[in-house]
2 protein chains.
Amino acid sequence: MTVSIKDVALAAGVSVATVSRALAKGPVSAALKAKVEAAIAATGYRPNLSARRLRSRHSDTIGLIVSDIRNPFFTAVSRAVEDVAYQAGMRVILCNTDENPDKEAMYLRLMQEERVTGVIFAATRATAETLDAEALGFPVVLIDRAAPGGAADAVVLDNAAAAGLLVSHLREQGHSRIGGLFGNTSSTGAERHAGFAAALAQAGLAAPARFVAPTAEAAQQAVSAWLAEAEAPRALVISNGLLLLGAMRAVRALGLELPRQLALAGFDNDSWTELAGPGLTVIEQPVDEIGRAAMAMLLERLEQPQRSTRKVVLTGRLVVRGSSLA
Amino acid sequence: MTVSIKDVALAAGVSVATVSRALAKGPVSAALKAKVEAAIAATGYRPNLSARRLRSRHSDTIGLIVSDIRNPFFTAVSRAVEDVAYQAGMRVILCNTDENPDKEAMYLRLMQEERVTGVIFAATRATAETLDAEALGFPVVLIDRAAPGGAADAVVLDNAAAAGLLVSHLREQGHSRIGGLFGNTSSTGAERHAGFAAALAQAGLAAPARFVAPTAEAAQQAVSAWLAEAEAPRALVISNGLLLLGAMRAVRALGLELPRQLALAGFDNDSWTELAGPGLTVIEQPVDEIGRAAMAMLLERLEQPQRSTRKVVLTGRLVVRGSSLA
DNA sequence: ATGAAAGCGCTAACAA
DNA sequence: TTGTTAGCGCTTTCAT
């Protein structure tokens, strides 16, 4: 039925050890190696990775746990991670948690059962706070959101600075009634809010903010309601690409003209932001770099399990488009 | 070091078989089951999935091979597939081929080595034509693109009809100089072109068409060049979401006003299409249904390996927006 | 350089 | 219901 290394050995007239060595590029004479290769071709043999992992005790697999792969930010990061991983001979298991702590716990358990080499993880705040990398049995690199107190390695954006960049830009365009919309499950939302609030405080301005579930629908609803109020902001900072999508839908539904009636600026240079309305002003995250840096940190951590945790902080780039211009 | 079922058995004072049964919800008395669970908690035991797969001879894993997860169509399909799969207790391996036949071959080999239960595969035309599901050793369900002659199960859109829908719509809006842009690597592009050409032929009109690599960049370039020509079309049908993105960038770069100077209609109701310009008229694919149907077909095929191959043809829905209105 | 043999952690006969 | 035992296919000593 299924052909094993034993069948190959038999067909080649060598021992299973020799076949294994030939496969692993170990010390095998050219003559035997040729015989083995012929036998593999003749039998149609394919190594069984489960057996290999069981015996060799390394899975060469990393887990990538994100909230939702439909978010273009995570899609882009995951492509970068996968490309690097496959080049390094590692597989990637991708999981979507929908920002649900129960699912996060479930997938972390799965990662243990898969005996993964390591995990790259965009955790909710709740999980990041209680994460115990020691107990998990594999290294974890957090992306997008960091753990408090440097409990784990992390690759993040300088969220506060980026939010400040957006506020400064809107101020330069003459805005003073600036509101902010943020996600309520991640530390990222909190950090961006902090930067937003600090920048406005420094300017002596109020910093009205709202927090919503991290979905386009929630954002659309929140923005619609907010803009209908008497003291509605004239400019809006939106904390991520998903929320920005919802905000933009609200703007369209209300028939508002950007930037005349409302200035809009947000996070994530998703491909559509350049095409919507007059183009949306956004903070571009270095998504490829985030993926690469996370993989690199994971590999470093594997080599030096004891070194102290690090946080790589990357800088966002302000992309100015029509939605925020005076 | 790593705790195995043996350690649990020892701690619980039972045999390894009893632990295994307790884990598999086999016949175990409540008393022993409690002891086992206590021992698992005490030891922090986690089953080793590699060992389980090796011994049980089923991986409970399905492979999902797409061209590029950054394409929102595949992102959406993959989410649907994963949700169904995880509910059915299966894990998913996701691979990106970038429409590269070498990568396709490599990942199919990987699937064999993982001893996957089955594969859902968006193949290039080249690979679909030579696909031999028998030799692979696992069932394959093609998505988005079918194999000629029904060589494998498939879930596809009625591409020709959908393209016809777009042409009819543009005709109704009074257009007669209608051009089409299609991808050059997939059967999907070919089918959409066929439907496009047939619909225009029936109307007694010319059907100028161009074929490009399936990237936004190639589309942008092709559209820019085409619209600069003397006999440029006044309406454009674009074969998928990625190409549509490129086309839209070209439109913006040229400063064209939709739909006054150019009518635009295409495939894939990606979230941005409602926000770009006056909103883009598109064919919406039932992405969730595609994912679900593919998983369902895979499971059916596993139960009935011998039944003849089937092709599930789903219907696209025309979503009319401003980009194509007279 | 090659082979014999042990055993990774688990499930599935088979016995009891 | 429970325990004993034989492998699943592979890598890795340990000999030779």
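These numbers come from a predicted model, not from an experiment. Letters A, B, ... are given to chains in the order of the sequence lines, protein chains preceding strands, and every chain is numbered from 1.
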Enquirer: Can you figure out which of C/dG3, D/dG3, D/dT2 approaches the side chain of B/Val14 most closely?
Expert: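 Nearest listed nucleotide: D/dG3.
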Enquirer: Specify the separation, in whole Å, of atom CD of B/Gln112 and atom P of D/dG9.
Expert: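 So the two atoms are 16 Å apart, to the nearest Å.
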Enquirer: With the side chain of B/Arg55 defined as its heavy atoms from C-beta on, choose the nearest nucleotide among C/dA12, D/dG3, D/dT11.
Expert: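 For B/Arg55, the side-chain atoms sit closest to C/dA12.
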Enquirer: Over all heavy atoms of both residues, which pair between A/Lys103 and A/Asn96 is shortest? Give the atoms and the distance, please.
Expert: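 Between these two residues, the closest heavy atoms are CD-O, 4.0 Å.
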Enquirer: For a quick check of understanding: with a heavy-atom distance under 4.0 Å over all strands, which category does B/Arg21 fall into, base, sugar-phosphate or nothing?
Expert: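 Base, at least one base atom sits under 4.0 Å.
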Enquirer: Taking for each residue the nucleotide of DNA chain C bearing the nearest heavy atom, is the 5' side occupied by A/Val16 or by A/Ala30?
Expert: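 Of the two residues, A/Ala30 wins.
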Enquirer: Taking the side chain as every heavy atom from C-beta outward, state whether A/Val36 and A/Val28 have any atom pair closer than 4.5 Å.
Expert: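 Not in contact.
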Enquirer: Of the listed nucleotides (C/dC10, C/dT2, C/dA4), which one gets closest to any side-chain atom of A/Ala17?
Expert: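 Closest of the options to the side chain of A/Ala17: C/dA4.
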Enquirer: Any chance you could lay out the side chain to side chain contact (heavy atoms under 4.5 Å, CB included) test for B/Arg301 and B/Val141, step after step, and finish with the verdict?
Expert: CA-CA 9 Å; B/Arg301 168 64 59 199; B/Val141 174; 5.7 Å; no
Enquirer: Just how far, in rounded Å, is C1' of D/dC8 from CD of B/Glu113?
Expert: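 Whole-Å distance recorded here is 17 Å.
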Enquirer: Looking at the side chain of B/Thr18, which of C/dG3, D/dG3, C/dC8 is the nearest nucleotide?
Expert: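 The closest nucleotide is D/dG3.
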Enquirer: Which nucleotide, D/dG3, D/dT2, C/dC10, lies nearest any side-chain atom of B/Ser15?
Expert: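 Nearest nucleotide to the side chain: D/dG3.
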Enquirer: Give the rounded distance in Å between these two atoms: CZ of B/Arg53 and C1' of C/dG9.
Expert: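 So the CZ-C1' distance, B/Arg53 to C/dG9, works out to 13 Å.
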Enquirer: Figure out the CG/P separation between B/Asp60 and C/dT11, and round it to whole Å.
Expert: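 My rounded result for the distance is 12 Å.
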Enquirer: B/Ile5 side chain: which of D/dT2, D/dT11, C/dC10 is closest?
Expert: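 Selected nucleotide: C/dC10.
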Enquirer: As a test of reading the structure: which of D/dC10, C/dT2, C/dG9 is closest to the side chain of A/Ser29, going by heavy atoms?
Expert: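 In terms of side-chain proximity for A/Ser29, the closest of D/dC10, C/dT2, C/dG9 is C/dT2.
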Enquirer: Taking CZ from B/Arg57 and P from C/dC10, how many angstroms apart are they, rounded to a whole number?
Expert: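 Value for this atom pair: 18 Å.
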Enquirer: With the side chain of B/Arg52 defined as its heavy atoms from C-beta on, choose the nearest nucleotide among C/dC10, C/dC8, D/dG3.
Expert: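 Given the options C/dC10, C/dC8, D/dG3, the side chain of B/Arg52 is closest to C/dC10.
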Enquirer: Below 4.0 angstrom, N of the basic side chain to O of the carboxylate: do B/Glu114 and A/Arg46 qualify?
Expert: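 Answer for the salt bridge query: no.
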Enquirer: Please give, in whole Å, the distance from D/dG9 P to B/His58 NE2?
Expert: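 Result: 14 Å.
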Enquirer: Does a side-chain N or O of A/Ser56 approach OP1 or OP2 of D/dT11 to a distance below 4.0 Å, or not?
Expert: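 Checking A/Ser56 against D/dT11: no side-chain N or O falls below 4.0 Å of OP1 or OP2.
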Enquirer: So among A/Ile143, A/Val66, A/Thr127, which one has a side chain to side chain contact (heavy atoms under 4.5 Å, CB included) with A/Phe121?
Expert: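 Of the listed residues A/Ile143, A/Val66, A/Thr127, the side chain to side chain contact (heavy atoms under 4.5 Å, CB included) partner of A/Phe121 is A/Thr127.
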Enquirer: Nearest to the A/Leu32 side chain among D/dG3, D/dT12, C/dT2, which nucleotide is it?
Expert: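 Out of D/dG3, D/dT12, C/dT2, the nucleotide with an atom closest to A/Leu32's side chain is C/dT2.
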Enquirer: Between C1' on C/dC8 and CG on B/Leu49, what's the gap in Å once rounded to a whole number?
Expert: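 So the two atoms are 15 Å apart, to the nearest Å.
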Enquirer: Whole angstroms only, please: what is the CZ-C1' distance between B/Arg115 and D/dC8?
Expert: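 Between C1' of D/dC8 and CZ of B/Arg115: 11 Å.
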